[in-house]
There are 2 protein chains.
Amino acid sequence: MSIQVFGLPVSRGVAIGRAVLVASSRVDVAHYFVPASQTRREIERLRRARDAVAAELSALQRDLPAEAPSELSALLDVHLMLLHDEVLAEAIMHWIQERHYNAEWALSAQLEVVARQFDEMEDEYLRGRKADMEQVTERMLRALSRDGMVAVSPVAAPARGAEGDAAEDPLVLVANDIAPADMLQFKRSVFTGFVTDVGGKTSHTAIVARSMDIPAVVGAREASRLIRQDDWVVIDGDSGVVIVNPSPIVLEEYRFRQRQSELERARLNRLRHTPALTLDGENVELLANIELPRDAQAAVEAGAVGVGLFRTEFLFMNRGGVLPSEEEQFEAYRSVVQTMAGLPVTVRTVDIGADKPLDRMTLQELRHEHALNPALGLRAIRWSLAEPAMFRQQIRAILRASAYGRIKLLLPMVVHLREIRQTMEIITRARQQLLDAGHPIGEVELGAMIEVPAAVMMLPAFFRYFDFVSIGTNDLIQYTLAIDRADEQVAHLYDPWHPAVLKLIADTIACAQRLGKGVSVCGEMAGDPAFTELLLGMGLRSFSMHPAQVAGIKQRVLRADTRKLQGAIERALQSEDPQTFWSTVGVRADDAAEAVVHH
Amino acid sequence: MSIQVFGLPVSRGVAIGRAVLVASSRVDVAHYFVPASQTRREIERLRRARDAVAAELSALQRDLPAEAPSELSALLDVHLMLLHDEVLAEAIMHWIQERHYNAEWALSAQLEVVARQFDEMEDEYLRGRKADMEQVTERMLRALSRDGMVAVSPVAAPARGAEGDAAEDPLVLVANDIAPADMLQFKRSVFTGFVTDVGGKTSHTAIVARSMDIPAVVGAREASRLIRQDDWVVIDGDSGVVIVNPSPIVLEEYRFRQRQSELERARLNRLRHTPALTLDGENVELLANIELPRDAQAAVEAGAVGVGLFRTEFLFMNRGGVLPSEEEQFEAYRSVVQTMAGLPVTVRTVDIGADKPLDRMTLQELRHEHALNPALGLRAIRWSLAEPAMFRQQIRAILRASAYGRIKLLLPMVVHLREIRQTMEIITRARQQLLDAGHPIGEVELGAMIEVPAAVMMLPAFFRYFDFVSIGTNDLIQYTLAIDRADEQVAHLYDPWHPAVLKLIADTIACAQRLGKGVSVCGEMAGDPAFTELLLGMGLRSFSMHPAQVAGIKQRVLRADTRKLQGAIERALQSEDPQTFWSTVGVRADDAAEAVVHH
């Protein structure tokens, strides 16, 4: 039976595919498909993990401290029963044999099935017993990770031998929520669309999907409960509708729309080598945001004239607690610099910390407790300065890579002058040590992210130290309005068009230009065509965005006349409702609707 | 043996007393002492709760759904064993009989003892089993609350019959952390000092302790583990040292210091009826922040010339989920207005929501899930507008109270113009309905808290709707710098002296004055003598603070000459390090050290 689910359309386009359900888990679980030839090996891993956990629990029971409450041993008995429950074990193996899930995914997929049974129980207390189930599963997941998770090479698509006919079908991902680390994993995978129960227009899933140009609907409430494994799903990223098991007529209609947008995309791609000049001849720098070294190739192919933001935190994620060495980082940075072949590469030092934990086993987790408001906590430059050994290592790696091309060093979340001074001291010392050791070092420009309100007000002082700044609009909006964009309850109040936000952005651009410094925008606004004219009008000439967005923004640039925009900008900044003003007065409405390519 | 523990000195003075340990709990637990005559009744309540929970669990076990995993029944058996554990039951009764704790406190105190045993276990998994213990306890706590917690009248001091000699000793509170709701409870209690393991200079405990003028040391790490029930404790709120079981010599030294500060306080109190005029004759309005109607009396006694901030959220707390009716709220507001006898009373609509939950059983808890960054979530006016029925009720109660005196209505966390328009519509309609129903209504001024950076930038537009604003410096600093002041890891970066913060405050004061509107500061800076001259120099003439701080600030006002301050202010606002500038150039250093009273 065909059903419809409604959510927020956060990334445009149509995706059609079979549903792959991914359960959320408290332990970071890698989700990948194993080759058919390796399923037996996965089942064997699972068995070993179970035996290991059973042995551990028995040992614990034997060695219980004398003063322990007598009920503790009885509890362990129950957990041992769970571990040896044959019905459960069969179900887990099924996921591996039939779906080719890796062992961790199979385990958490089955936990999800059982968890749903618990969730349906009427009594809150019984529902709470799910926790015991989860803890046994977690212990098994840990045993698995000790067992060497990385030994298996993930494959992008499932090779579903038993259901041969389905092997070629495109896949869409359906989940309650997708962790940033998983999203990174899925980027390399074959999913053609995303549906999540939670999240808003500005959640991480939405941002990544949009930047990958993959259709997505989030905030679809019950989607992950209503959609079953292997259901056919149509994701309409324009309207926010998700259609489960569509009728043939509906399906045909969506296939038609899908073909149309592919044609449109091909048309945009022809702009790749066109210089980004406005109608009045202003040269605009369109740069790429990248997350992993391999993304640099996509940046070049998209026609970006450099990397405006290399988010290095992704080098640190999904590594099972092993941090990348200086050497490994150096190779990563050098590879990007070399791929970009003389074009500038802006490397941002890690923006990890309370709000973006690496994974369960890192320094972060060990040393720092959970923060109540991670977005206002120890993150980015604060975290780097609190972990000086790691920070020095990253700085050294970046400086060494500067010998191979043009590197710009970008510091995230700077608020206090003393943070700058401390960082400069680390850089100066690292540079001297490297030179003493005979390493060649190129010229490195130093810049800061402008993403906290205080930073905008400190600009004149900051520019005594910095050559350039890059405006991180997402965080800047978040702090200026005190709205967490990932919080569904207030996401409707997160507003890039808020007069205070526009004023801070305009002030930043104006201050940089007055002082002859570089200024770029690397937040989501840079890749959103709705803001291109506005930012051009404010004087911005450097935009950094996901490679997939470059062509679309270039099209807007080619059609813009900055001379005509300046007057409108001043009035927009005075307006109490800049969005309405801009859409009715500032720019002709048909501009936004059209998609004609000019050469 | 005497030991010393070191923490952060957050509220000045010396406290000496016997330790009362309060354990933290996931369920809101009321902590109070019961009269000796009622301990048998408490034990009886406990028994009834246990029997009720046992009956519930047995019923659940009998009616388990057929598809439930077979291990579930075995788990329930273990929990039933726990419930009937005689050793445990004896220990809980001991707290009631010997300490005169109420049943809930006794239960959570014993849970804490057992929890510590678990925490000391080496294996993480065994430690995790504590959760089962906690869940049984929680279910009993809920059963107790159904049983009518409010029937017992709390007494402020324990009447410890069995240890008669100790009955007169002053008490100090030692806890891992103190919940805001508990802190409210303890305000009415007899504790003469506070020690907590966690928290920073700007945590809730610190702020309340400071405003109550009770010595406190927070962030004392292991204090609640090292200090035992009834230990003698000296809290040095000046240096952050906590001395457990001090030697007679040390004790005598601290008693001497205690007497000295009492003398100092008495001296300040003589300023009560002196008008707050600067040396150059500027009249300064010193107002009180209050949390409960009964605080109004303290405001009058402290010589405050009005209530600058009535934090109404406290009317909503600790009520076991029952929200106050319009009638009840009306009585509360009217009582304050009448106590203030014609002096202005600024009533702030509730600032509850994601960051300040009421308690486990309210609408809040039922409707909204846990926010990842509650400070950036659904709180204050956002919450009120999302709960319009409650909001209308509060507005009606405030409007009705306006017939009995001078009320100013203050809206928290306003950021968007549409929030103002929506609120005004609710007010206009409520006013009309009340008039139609024949209720008298006085003139009510409308104002907004300025506590989000965007609000400062919106001031000219906001003032089309508002008669006055009140600057909430704590939150304003938090959002401007993106620092959670309650997060120990970054608390050192929370800085009221940051140039961006001072600029926003100065801009707000200047804008209000230019437009002839009222402006006040009601955050912590208003009650901190270190900022009095600075704020006076910026043009501020209205300060709102805890009643206990009024005399100290008045002393600063009496010594200030605003004509001399203005020049220094401009230079301070240009300075990159205003704090150093202000302490060396702006104001003579000896001013800050002196405490001479001028009449």
Side-chain angles (χ1 to χ4, degrees), chain A residues 57 60 65 67-72 74-75 77-78 81-82 85 114 117 121 123 125-126 128-129 131-133 135 139 354 368 371-378 382 386 413 415-417 452-454 457-458 461 478-484 486-487 489-490 493 495 498-501 503 576, chain B residues 57 60 65 67-72 74-75 77-78 81-82 85 88 114 117 121 123 125-126 128-129 131-133 135 139 354 368 371-378 382 413 415-417 452-454 457-458 461 478-484 486-487 489-490 493 495 498-501 503 576:
Chain A
L57 293 191
L60 284 175
E67 73 277 14
S70 56
E71 289 81 7
L72 195 48
L75 262 177
D77 275 334
V78 181
M81 275 168 66
L82 265 172
D85 187 318
V114 178
Q117 290 175 3
M121 294 181 185
D123 185 79
Y125 187 72
L126 285 184
R129 306 277 51 73
D132 292 275
M133 187 77 196
Q135 279 152 358
R139 199 159 178 114
H368 306 301
L372 185 58
N373 286 291
L376 304 171
L378 191 71
R382 300 166 187 175
M413 284 282 283
V415 168
H416 292 287
L417 280 171
V452 180
M457 286 169 256
M458 294 298 284
Q478 162 163 299
Y479 299 126
T480 303
L481 304 182
I483 300 286
D484 181 355
D487 183 340
Q489 296 180 52
V490 291
L493 297 170
D495 178 12
H498 191 289
V501 170
K503 182 177 180 329
E576 284 180 11
Chain B
L57 293 191
L60 284 176
E67 72 278 13
S70 57
E71 289 81 8
L72 195 49
L75 262 177
D77 274 334
V78 180
M81 276 168 66
L82 265 172
D85 187 317
L88 224 51
V114 179
Q117 290 176 4
M121 294 181 184
D123 186 81
Y125 187 72
L126 285 185
R129 305 276 52 73
D132 291 275
M133 187 76 195
Q135 280 153 356
R139 198 158 179 115
H368 306 301
L372 185 59
N373 286 291
L376 304 172
L378 192 72
R382 301 167 187 175
M413 284 281 283
V415 168
H416 292 286
L417 280 171
V452 180
M457 285 169 257
M458 294 298 285
Q478 162 163 299
Y479 299 127
T480 303
L481 304 182
I483 299 286
D484 181 355
D487 183 340
Q489 296 180 53
V490 290
L493 297 169
D495 179 12
H498 190 289
V501 170
K503 182 176 180 327
E576 283 179 11

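Small disclaimer: the values here were computed from a predicted structure and weren't measured. Every heavy atom of this structure was used, including side-chain atoms; hydrogens, water molecules and symmetry mates were not. A, B, ... follow the sequence lines: proteins, then strands. Residue 1 opens every chain.
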Original post:
Using non-hydrogen atoms only, which part of Met81(B) is less than 4.5 Å away from chain A: side chain, backbone, both, or neither?
Top reply: both
Original post:
If you count heavy-atom pairs under 4.5 Å with chain B, which of Asp85(A), Leu60(A), Leu417(A), Val114(A) comes out on top?
Top reply: Leu60(A)
Subject >> Region of Leu57(B) in contact with chain A, defined by heavy-atom distances below 4.5 Å >> reply: side chain
**OP:** Would you name the heavy atoms of Gln489(B) and Leu378(A) that are closest together and state the gap between them?
**Re:** OE1-CD2, 3.1 Å
Subject >> Selection from Pro499(A), Ala74(A), Pro453(A) maximising heavy-atom pairs under 4.5 Å formed with chain B >> reply: Pro453(A)
**OP:** Between chain A and each of Asp77(B), Leu75(B), Asp495(B), Val490(B), count heavy-atom pairs under 4.5 Å; write down the option with the most.
**Re:** Leu75(B)
Original post:
Can you tell me how far the CG atom of Leu493(A) sits from the CE atom of Met413(B), to the nearest 0.5 Å?
Top reply: 9.5 Å
Original post:
Which residue out of Ala482(A), Ala454(A), Ala461(A) racks up the most heavy-atom pairs below 4.5 Å with chain B?
Top reply: Ala482(A)
Subject >> Proximity breakdown for Glu576(B) and chain A, heavy-atom pairs closer than 4.5 Å >> reply: both
Subject >> chain A contact via Leu72(B) - which portion, at a heavy-atom distance below 4.5 Å >> reply: side chain
**OP:** Go through the atoms of Val78(A) and report whether side chain, backbone, both or neither lie under 4.5 Å from a heavy atom of chain B.
**Re:** both
**OP:** Enter the distance from Met457(B):CE to His498(A):NE2 here, rounded to the nearest 0.5 Å.
**Re:** 9.0 Å
Original post:
Which heavy atom of Met458(A) sits nearest a heavy atom of Ala500(B), and at what distance?
Top reply: SD-N, 4.4 Å
Original post:
Is there a donor-acceptor contact under 3.5 Å from the side chain of Asn373(A) to the main chain of Ala375(B)?
Top reply: yes
Original post:
Relative to chain A, which segment of Val501(B) carries a heavy atom at a distance below 4.5 Å: side chain, backbone, both, or neither?
Top reply: neither
Original post:
What residues form a salt bridge (Lys or Arg N to Asp or Glu O under 4.0 Å) with Arg139(B), not counting sequence neighbours?
Top reply: Asp123(A), Glu56(B)
**OP:** Mind checking the CG-OH spacing from Leu376(B) to Tyr479(A)? Nearest 0.5 Å is all I need.
**Re:** 7.0 Å
